[in-house]
Amino acid sequence: MDEFRLSLGVTPNFHQGVIAYRESTVAVVCRRDSPTLAVAEPRPIDLAGGVRESGPLAFLETPTLATVLAEMPGFRVLLPSELKGPFDATAWPDIDPQDVTYWRPRDLGEALFNYWD
């Protein structure tokens, strides 16, 4: 099943393109306010179309898919190894410092792709 899950409310701060990839289903996530992509496990949705989970995403190693995504002009693709690393606020000035203080992201992935309100 391939589908787009647009984030139209306050949360999450990313959209998902859910695609069948090899033997599994993955979500290509894109931040709403910047052309930053990653590949993660898709979130299950409920009957009303809402997401049932809101915690940190589980980012996936998909080297071939990441290579293809990186060929898209203007987009930056982040790998799980980067997303599991520490969050450096100076490298991401568009993330509200008050959100960082309140939510205390454990890593870069949680700071970039989240359900903060």
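Within the structure, salt bridge (charged side-chain N to carboxylate O under 4.0 Å, His left out) contacts touching residues 74-90 (residues at least two apart or in different chains) do not occur.
Rounded to the nearest 0.5 Å, atoms CG (L37) and CZ (F113) are 7.0 Å apart. To the nearest 0.5 Å, the span separating CZ on F59 from CG on D107 amounts to 7.5 Å. Interatomic distance, L112 CG to L78 CG, rounded to the nearest 0.5 Å: 6.5 Å. How far CD1 of I19 is from OG1 of T62: 8.0 Å, rounded to the nearest 0.5 Å. Here CD of E61 is found 6.0 Å from OG of S81. Values are rounded to the nearest 0.5 Å.
No side-chain heavy atom of V18 sits less than 4.5 Å from a side-chain heavy atom of F4. Residues F75 and C30 are in side-chain contact: their nearest non-hydrogen atoms beyond the backbone lie under 4.5 Å apart. Using a 4.5 Å heavy-atom cutoff, the side chains of L69 and V28 are in contact.
Using a cut-off of 4.0 Å between Lys/Arg side-chain N and Asp/Glu carboxylate O, R104 and D99 are scored as not salt-bridged.
One N or O on the side chain of R43 and one on the backbone of G55 form a donor-acceptor pair closer than 3.5 Å. When atom types are taken as modelled, the side chain of H15 and the backbone of S7 share a donor-acceptor pair closer than 3.5 angstrom.
Using cut-offs of 30° and 60° for the angle between ring planes, the F14 and Y115 rings count as perpendicular.
Legend: residues meeting salt bridge (charged side-chain N to carboxylate O under 4.0 Å, His left out) with R106, ordered by chain and number and at least two apart, are E110.
Between R31 and the choices D94, T36, N114, the side chain to side chain donor-acceptor pair (under 3.5 Å) rule is met once, by D94.
Cluster membership for V29 and V68, using ILVMFWY side-chain heavy atoms within less than 4.5 angstrom, is not shared.
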